[in-house]
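Heads up, the thing below is written out as structure tokens.
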Amino acid sequence: MSVPEPISQLSAHMQPGRFGADGNTPVLLSERRRAIAQVMGRKGQDARLRAAIHGAFGLDLPHPGSSVTRDSAMAMWIAPETWLILRDGSPSDDLTRDLTAACGDAASIVDQTWGKSIIRVSGARACAVLAKGCRIDLHPRVFGPGKSAVTPIAHIHAVLMQVDATPAFDLIVPSTLARDFVEWLRLSAAEYGYEVVA
Amino acid sequence: MLLIHCPYCAMERPEIEFRHAGEAHVARAPDPSQLDDETWAEFLYFRSNPKGVHAERWRHVHGCGRFFNALRDTVSDRLLVTYKAGEVRPELPPQEHSR
């Protein structure tokens with residue numbers, strides 16, 4: 001039986017368009033749809049888990065504060081022995097099934113695809129927008145592509161990851177708070193001008 | 001704003017991500033029923049509260065979620081060193097706590 005494609009809770013709040021102040025370099029906001037799963041290694045199973053993820057996804061589970069990407073899959077450290085695995089594809093992807101098959105009893109797998117929303121913020125003023133609610137130092141001297149952090153942004157628990165040097169950031173927030181989070185992003189970006197892109 | 005080094009995240013993080021969780025290295029007796037009331041009350045309610053270097057538990061509650069230990073100077077509010085839970089209290093070089 002086919003599963004109906006659920007509708008993003010953000011779709012009504014991220015209609016494409018140009019908003020805020022005029023300017024040549026608007027901040028770009030978009031929602032990214034990826035399958036997300038949380039992988040929590042069990043006690044003493046670290047080596048097995050790393051081998052399993054490497055075998056199935058070609059990913060070497062990253063160190064604290066960083067992420068690795070290979071093809072359509074990404075792994076991101078979020079807590080000791082705990083990672084997020086993200087993969088492109090349809091949202092009703094069977095990422096968790098693949099992970100469970102690969103890891104066996106070396107890890108606990110939790111599907112987070114519908115529990116989290118991913119919002120991309122990019123553009124020359126992206127750091128200035130985020131600085132209004134995020135206390136992590138995002139200056140290129142300290143932060144950079146591939147780096148990530150679990151931190152509250154505008155009082156909302158978020159996972160922040162730098163995608164490239166534009167700079168572009170992916171923000172993973174609880175989907176129930178995503179609408180509030182986007183409202184905050186819009187307010188923060190208004191003074192620079194922003195564009196919501198599909 | 002204080003920056004606190006989380007030994008698990010291996011990063012300096014802002015203090016609002018952390019919660020204080022009382023004195024560190026307070027060992028619970030293996031068999032509390034064998035204790036007299038005074039010793040049990042001592043474990044439950046009495047803490048050292050020093051003026052100067054104090055070993056404390058902290059939790060990176062809005063980050064990785066882990067408990068860790070820190071040596072903090074209660075006079076200057078400076079966090080001198082942080083270390084993972086279960087590790088022994090580190091020795092400080094003399095100049096770190098001579099103030």
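Here is how names work: the chains are called A, B, and so on, in the same order as the sequence lines, proteins then strands, and each is numbered from 1. Quick caveat: nothing in here was measured; it's all calculated off a predicted structure.
- Within a 6.0 Å sphere centred on CG of Asp36(B), heavy atoms belonging to other residues, nucleotides or ligands number more than 12.
- Through direct or relayed side-chain contacts under 4.5 Å between Ile, Leu, Val, Met, Phe, Trp and Tyr, Val110(A) connects to no other residue.
- For the pair Gly86(B) and Asn69(B), the tightest heavy-atom approach, listed with the atom from each and the gap, is N-ND2, 4.4 Å.
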Item to complete: Evaluate the criterion side chain to side chain contact (heavy atoms under 4.5 Å, CB included) for residue pair Phe68(B) and Phe18(B); output intermediate values, then yes/no.
Response: CA-CA 10 Å; Phe68(B) 60 91; Phe18(B) 296 86; 3.6 Å; yes
Dump the table of donor-acceptor contacts under 3.5 Å between chain B and chain A, or return none if there are none.
residue	atom	partner	partner atom	Å
Arg13(B)	NH2	Val150(A)	O	2.3
Glu17(B)	OE2	Thr151(A)	OG1	2.4
Arg66(B)	NH2	Glu81(A)	OE1	3.3

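- Two residues are said to be in side-chain contact when any heavy atoms from C-beta on lie closer than 4.5 Å; Thr74(B) and Val53(B) fail this criterion.
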Discussion item. Please evaluate residues Leu171(A) and Ile118(A) with respect to the criterion side chain to side chain contact (heavy atoms under 4.5 Å, CB included), reporting the C-alpha separation (whole Å), side-chain torsions for both, the decisive distance (0.1 Å), and the verdict.
Written reply: CA-CA 6 Å; Leu171(A) 308 167; Ile118(A) 312 175; over 6 Å; no
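- For a residue to count as touching a neighbouring chain, one of its non-hydrogen atoms must lie under 4.5 Å from one of that chain's; by this rule Ala158(A) does not touch chain B.
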